[in-house]
**Q** 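Below you'll find the structure I mean.
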Amino acid sequence: MRTLYHFQNSPFSRRARLALAHKGLDCALRDGRDDPAALEEARRLVPFRTLPVLIDGTHALADSGAISHWLDRAYPAAPHLWPDGEGSDEAFGAAALVDVVLSNVVDTGTRYYALHEHPAWEKVKTEQVGRAQQAAQSLAERVSSLGRPTMAASGWSAADIWVLTMTIWFEGMPARAAVSPNIAQILTLGFVLPPALSRWVDAHRERPDVRALG
């Protein structure tokens, strides 16, 4: 039986959930916030301190990117997450830009936020958020010029999952800030989600797998 240790609202965990749904693979879910024991168990299983963590038989994998690539290799008969051929360069490029946005924003607003009173904070914050903003704008330009609803001509792929989960995460921040100190801190950074990304996501919000994310 597969088990995914995850955080309900995390864009990284949501990537893994959508990847499993795309492959048509059933999986038990254990939320690390609702069940602290699940979080500790996941940390014992892999040398990471983050979720998601996927257990599939004797295999234990962390990191949504690694999980998605492994699923393509472990279940080659199921629909592929990462495309080959036309549009594959767009898919990999888009996914990389999403990771630039998230890593810069998340790390600055959480791991490094304790330094926000340091004299160098404004300079560092401006640099980090500027990188994220530039990557997000590049993504917005890409999705606006695609001429199709998905990154790859072959259809829905991991790249679409990456862009969608990132966009929905940023869209939902204001509503979650009151109950999440980390989200409240991230909102102080001044990052602005390009509207073109929300418009692109509009074409995919009613997918059954997306709606099932909750």
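We use all heavy atoms of the structure for the numbers below, so side chains are in, but hydrogens, waters and symmetry mates are not. The shown structure was predicted, so the numbers you read here are calculated from the model rather than taken from an experiment.
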**Q** In this structure, would L139 and L193 fall into the same cluster of hydrophobic residues linked by side-chain contacts under 4.5 Å?
**A**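 In one cluster: yes.
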**Q** Between Q137 and P194, is there a donor-acceptor pair closer than 3.5 Å when you use the side chain of the first and the backbone of the second?
**A**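 Not confirmed, Q137 side chain does not pair with P194 backbone.
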**Q** Between the main-chain N or O of T108 and the side-chain N or O of Q128, is there a donor-acceptor pair closer than 3.5 Å?
**A**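 No; zero donor-acceptor contacts below 3.5 Å.
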**Q** Does any part of the side chain of T167, heavy atoms only, come nearer than 4.5 Å to the side chain of S198, both counted from C-beta?
**A**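 Yes, their side chains come closer than 4.5 Å.
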**Q** Please report the interatomic distance CZ(R176) to CD1(I186), rounded to the nearest 0.5 Å.
**A**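 One gets 8.5 Å once the value is rounded to the nearest 0.5 Å.
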**Q** Would a single hydrophobic cluster contain both L71 and V53, if residues Ile, Leu, Val, Met, Phe, Trp and Tyr are joined by side-chain heavy-atom contacts under 4.5 Å?
**A**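 V53 and L71: separate clusters.
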**Q** With sequence neighbours excluded, tell me which residues meet side chain to side chain contact (heavy atoms under 4.5 Å, CB included) with T165.
**A**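 Side chain to side chain contact (heavy atoms under 4.5 Å, CB included) list for T165, sorted by chain: P11, R14, R15, L18, I161.
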**Q** Nearest 0.5 Å, what's the CG-CG distance between N182 and L187?
**A**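 Going from the CG atom of N182 to the CG atom of L187 covers 11.0 Å.
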**Q** When you check the gap from the basic side-chain N to the acidic O, do R205 and E171 get nearer than 4.0 Å?
**A**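 Judged by the 4.0 Å cut-off on N to carboxylate O distance, R205 and E171 do form a salt bridge.
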**Q** Using 0.5 Å steps for rounding, measure from the CD1 atom of I168 to the CE atom of M173.
**A**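 Rounded to the nearest 0.5 Å, the CD1-CE separation comes to 13.0 Å.
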**Q** Per the ring pair (Phe, Tyr, Trp, His ring centres under 6.0 Å) rule, what does the pair list look like for residues 128-154, sequence neighbours excluded?
**A**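 Listed by first then second residue: nothing to list.
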**Q** Test your reading of the model: is there a side-chain donor-acceptor pair from T126 to the backbone of E122, 3.5 Å cut-off?
**A**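 Yes; at least one donor-acceptor contact below 3.5 Å.
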**Q** Could you tell me whether D202 and R199 have a side-chain N and a carboxylate O separated by less than 4.0 Å?
**A**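 No salt bridge links D202 with R199.
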**Q** Could you tell me which non-hydrogen atom of S154 sits nearest to which non-hydrogen atom of P83, and how far apart they are?
**A**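 Smallest interatomic distance, heavy atoms only, reads OG-CB, 3.7 Å.
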**Q** Can you list the residues that meet the ring pair (Phe, Tyr, Trp, His ring centres under 6.0 Å) rule with H80, with sequence neighbours excluded?
**A**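 H80 satisfies ring pair (Phe, Tyr, Trp, His ring centres under 6.0 Å) with no other residue.
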**Q** Quick one: are I67 and P52 in side-chain contact, heavy atoms under 4.5 Å?
**A**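 In contact.
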**Q** Nearest 0.5 Å, please: how far is OG in S10 from CH2 in W169?
**A**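 Result: 8.0 Å between the selected atoms.
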**Q** Run the numbers on V101 and F191 for side-chain contact (heavy atoms from CB on, under 4.5 Å), then give the verdict.
**A** CA-CA 10 Å; V101 175; F191 175 83; 3.8 Å; yes
**Q** Which residues end up grouped with V179 if you chain together Ile, Leu, Val, Met, Phe, Trp and Tyr wherever their side-chain heavy atoms are less than 4.5 Å apart?
**A**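 None, because no other hydrophobic side chain comes under 4.5 Å of this residue.
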**Q** Between F12 and F7, is the ring centre distance below 6.0 Å?
**A**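 No.
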**Q** For the pair Q8 and R33, evaluate side-chain contact (heavy atoms from CB on, under 4.5 Å) and give the outcome as yes or no after the intermediate values.
**A** CA-CA 8 Å; Q8 173 68 25; R33 298 205 193 283; over 6 Å; no
**Q** Grouping I, L, V, M, F, W and Y whenever their side-chain heavy atoms are under 4.5 Å apart, do V100 and W162 come out in a common cluster?
**A**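 V100 and W162: separate clusters.
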**Q** Identify the heavy atoms of L189 and V105 that sit nearest to each other, and give their distance.
**A**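 Heavy-atom minimum between the residues: CD1-O, 3.6 Å.
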**Q** Please answer whether the main-chain N or O of V143 pairs with a side-chain N or O of E90 as donor and acceptor at a distance below 3.5 Å.
**A**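 Side chain of E90 to backbone of V143, a donor-acceptor pair under 3.5 Å: no, none is there.
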**Q** Which residues pass the side chain to side chain contact (heavy atoms under 4.5 Å, CB included) test with R30, sequence neighbours left out?
**A**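 By the side chain to side chain contact (heavy atoms under 4.5 Å, CB included) rule, R30 matches T3, Y5, D35, A38, E41.
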**Q** Taking all heavy atoms of R142 and all of A94, pick out the closest pair and write down the distance.
**A**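 Shortest heavy-atom contact: NH1-N, 3.7 Å.
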**Q** What is the distance from atom NE2 of H6 to atom CG of L39, rounded to the nearest 0.5 Å?
**A**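 Interatomic distance, H6 NE2 to L39 CG, rounded to 0.5 Å: 11.5 Å.
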**Q** Testing the basics here: between T188 and K125, what is the closest heavy-atom pair and its distance to 0.1 Å?
**A**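 Answer, listing the atom of T188 first, then K125: O-NZ, 4.2 Å.
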**Q** Verify the cluster assignment for L97 and V129: are they in a single hydrophobic cluster under the rule of side-chain heavy atoms below 4.5 Å apart?
**A**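 Yes, L97 connects to V129 through the hydrophobic network.
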**Q** Measure the acute angle between the ring planes of H69 and W82, then classify it against the limits of 30° and 60° as parallel, tilted or perpendicular.
**A**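 Geometry flag for W82 against H69: parallel rings.
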**Q** For a 4.5 angstrom cut-off between non-hydrogen side-chain atoms, does F170 reach L102?
**A**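 In short, these two side chains touch, coming nearer than 4.5 Å.
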**Q** Shortest non-hydrogen contact from A66 to L61?
**A**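 So the two residues come closest at O-CD2, 4.3 Å.
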**Q** Is there a side-chain contact (heavy atoms from CB on, under 4.5 Å) between W156 and H22? Walk through the geometry before answering.
**A** CA-CA 9 Å; W156 186 252; H22 182 67; 3.5 Å; yes
**Q** Just jot down the salt bridge (charged side-chain N to carboxylate O under 4.0 Å, His left out) partners of R111, sequence neighbours excluded, or say none.
**A**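 Scan of R111 (salt bridge (charged side-chain N to carboxylate O under 4.0 Å, His left out), adjacent residues dropped) gives D107.
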**Q** Please report the closest heavy-atom contact between P79 and D72, naming both atoms and the distance.
**A**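 The answer is O-OD1, 4.1 Å.
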**Q** Show, in sequence, the C-alpha distance, side-chain angles and deciding distance for E127 and K123, and conclude whether the salt bridge (charged side-chain N to carboxylate O under 4.0 Å, His left out) test is met.
**A** CA-CA 6 Å; E127 171 68 19; K123 180 178 180 181; over 6 Å; no
**Q** Could you label the plane-to-plane angle of the W200 and H204 rings as parallel, tilted or perpendicular, counting under 30° as parallel and over 60° as perpendicular?
**A**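 Rings of W200 and H204: tilted, 30 to 60°.
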**Q** Do L4 and L51 sit in the same hydrophobic cluster, where Ile, Leu, Val, Met, Phe, Trp and Tyr count as joined when their side-chain heavy atoms come under 4.5 Å apart?
**A**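 Different clusters: L4 never reaches L51 through Ile, Leu, Val, Met, Phe, Trp or Tyr contacts under 4.5 Å.
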**Q** Is R207 paired with D209 through a side-chain N to carboxylate O contact shorter than 4.0 Å?
**A**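 R207 and D209: salt-bridged.
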**Q** If the test is side-chain contact (heavy atoms from CB on, under 4.5 Å), which one of L29, I55, L25 qualifies with R2?
**A**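 Considering L29, I55, L25, a side-chain contact (heavy atoms from CB on, under 4.5 Å) with R2 is found only for L25.
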**Q** Could you state the interatomic distance from CG (D26) to CG (L20), rounded to the nearest 0.5 Å?
**A**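 Separation between the atoms: 9.5 Å.
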**Q** Do R44 and E40 sit within salt-bridge range, that is, some charged N less than 4.0 Å from a carboxylate O?
**A**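 Looking at R44 and E40, the cut-off is not met.
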**Q** Is there a donor-acceptor pair under 3.5 Å between the side chain of S180 and the backbone N or O of A177?
**A**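 Looks like no, no N/O pair under 3.5 Å.
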**Q** Would the distance check show the side chain of D56 and the main-chain N or O of H59 forming a donor-acceptor pair, the cut-off being under 3.5 Å?
**A**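 Side chain of D56 to backbone of H59: no pair is present.
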